[in-house]
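I am attaching a structure below and will ask some questions about it afterwards.
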Amino acid sequence: MAAARAHLADGMEGSGGEEAPRPFRQAVAALAEVRPRPEVRLGPLPAPRRLAPFAYALEAAVEVDGEELADGRFVLLHDPAGQDAWQGTFRVVTLARAELEPEIAADPLLPEVTWAWLTGALQARGAACAEPGGTVTRASSHSFGELAGRAPHSEIEIRASWTPRDPRDPGGPRATRKLGELPGNTAGGHLHAWCDLLSQCAGLPPEDGAGAAVVPLPQRRGPQPL
């Protein structure tokens, strides 16, 4: 995360050049302190400028024995005025993807199970949230003719977003009004949970009980470029 710390300033100005408010600065600092399991590599990305006045983005890859098994991105958005669709002033937007064995990709319950991986990871990390939403997409490709020798390729992609909230708040409308007052370590918990999800997509078992509520993905064939 040294690279991420070196780029903290990238998220400290809004789209109009104004200084980021304190809650957002604290949340970005908390992200920089996250130490995922050794197989997960995190690094900074250029933050999107059109989704919110303030944004900070990270990319991640899961690598084992020199092979990349999964990758994705994690974006924290902040609008001090709040957005109705978010029901708050913060929003987390994520992408995770990994290759699957074709027989696993064909499981009709895979989308529901994969979404449960995400909600289970958030619960296991104590990362309270509101207004979650997302899509689970599986895609398969088969080669023919001159390319018939290529093995079938299947991939899963999870796009999800949610509004983080203070876990000490019981929830409801009152919680959404307090999202600008998140404790400093809350954002880090959400990044940890997302890293747990990415690890599950890569077929890794939970580490030290973290994300124990998430069902592991069966072992897959070696990775292909994503």
Side-chain angles (χ1 to χ4, degrees), residues 1-7 30-45 57-76 92-107 109-127 134-143 149-160 187-226:
M1 286 299 291
R5 283 197 296 272
H7 287 73
L31 295 180
E33 295 303 319
V34 168
R35 298 293 184 273
R37 61 192 299 168
E39 299 92 341
V40 179
R41 297 181 287 105
L42 288 170
L45 275 178
L58 292 167
E59 63 179 348
V62 180
E63 184 176 305
V64 176
D65 296 330
E67 296 181 330
E68 187 172 298
L69 303 180
D71 73 349
R73 59 178 179 265
F74 180 100
V75 181
L76 180 68
V92 172
V93 180
T94 66
L95 164 70
R97 55 188 178 180
E99 186 194 4
L100 298 175
E101 289 281 9
E103 57 270 23
I104 298 173
D107 188 332
L109 295 180
L110 181 64
E112 290 81 3
V113 171
T114 305
W115 186 255
W117 296 343
L118 172 61
T119 58
L122 290 168
Q123 292 171 2
R125 289 288 183 177
T135 60
V136 178
T137 303
R138 50 185 170 183
S140 298
S141 63
H142 299 262
S143 301
R150 293 184 179 180
H153 174 78
S154 298
E155 182 180 278
I156 189 169
E157 180 181 273
I158 308 159
R159 293 179 180 269
H190 288 263
L191 178 56
H192 265 301
W194 179 75
C195 288
D196 292 339
L197 168 67
L198 198 63
S199 298
Q200 295 291 335
C201 290
L204 303 183
E207 183 183 43
D208 299 330
V214 182
V215 178
L217 184 69
Q219 185 62 43
R220 299 174 291 103
R221 186 172 52 249
Q224 299 289 331
L226 293 175

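All values derive from a computational prediction rather than experimental measurement.
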Can you check whether Leu42 reaches Cys195 side chain to side chain, under 4.5 Å on heavy atoms?
->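 Answer yes - side chains close enough.
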Spatial distance of atom NE2 (His192) from atom CG (Leu31) [nearest 0.5 Å] |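 It is 10.0 Å, given to the nearest 0.5 Å.
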What's the spacing between Leu69 CG and Cys201 SG if we round to 0.5 Å?
-> 11.0 Å
Where is the tightest heavy-atom contact between Val75 and Ala57, given as atom of each residue plus distance?
->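 Answer, listing the atom of Val75 first, then Ala57: CG2-CB, 3.9 Å.
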Taking atom CG of Leu122 and atom NE2 of His190, what is their separation to the nearest 0.5 Å?
->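 Reported value, rounded in 0.5 Å steps: 7.0 Å.
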Would you name the heavy atoms of Ala96 and Trp194 that are closest together and state the gap between them?
->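 Taking every non-hydrogen atom into account, CB-NE1, 4.2 Å.
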In short, Leu197 meets Thr114 closest at the heavy-atom pair CD1-O, 4.5 Å
Could you give the distance from CZ (Arg97) to CZ (Arg159), rounded to the nearest 0.5 Å?
->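 Arg97 atom CZ to Arg159 atom CZ measures 8.0 Å (nearest 0.5 Å).
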Measure the OG1-CG distance between Thr94 and Leu58 for me, rounded to the nearest 0.5 Å.
->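 That separation rounds to 12.0 Å.
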If you take all heavy atoms of Ala160 and Trp115, which pair is closest and at what distance?
-> CB-CZ3, 3.8 Å
Using a 4.5 Å cut-off on heavy atoms from C-beta on, say whether the side chain of Leu95 contacts that of Glu157.
->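 Side-chain contact under 4.5 Å: yes.
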Does Gln123 offer a backbone N or O that forms a donor-acceptor pair with the side chain of Arg125 under 3.5 Å?
-> no
Closest non-hydrogen atoms of Val40 and Ser199, given as atom of the first, atom of the second and distance, are CG2-OG, 3.5 Å
Set of side chain to side chain donor-acceptor pair (under 3.5 Å) partners for Glu63, sequence neighbours left out = Arg41
Crowded around Arg37 CZ? As in, over 12 foreign heavy atoms under 6.0 Å?
-> yes
Which distance, rounded to the nearest 0.5 Å, do you find between the CG of Leu191 and the CZ of Arg35?
->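 Reported to 0.5 Å precision, the distance equals 11.0 Å.
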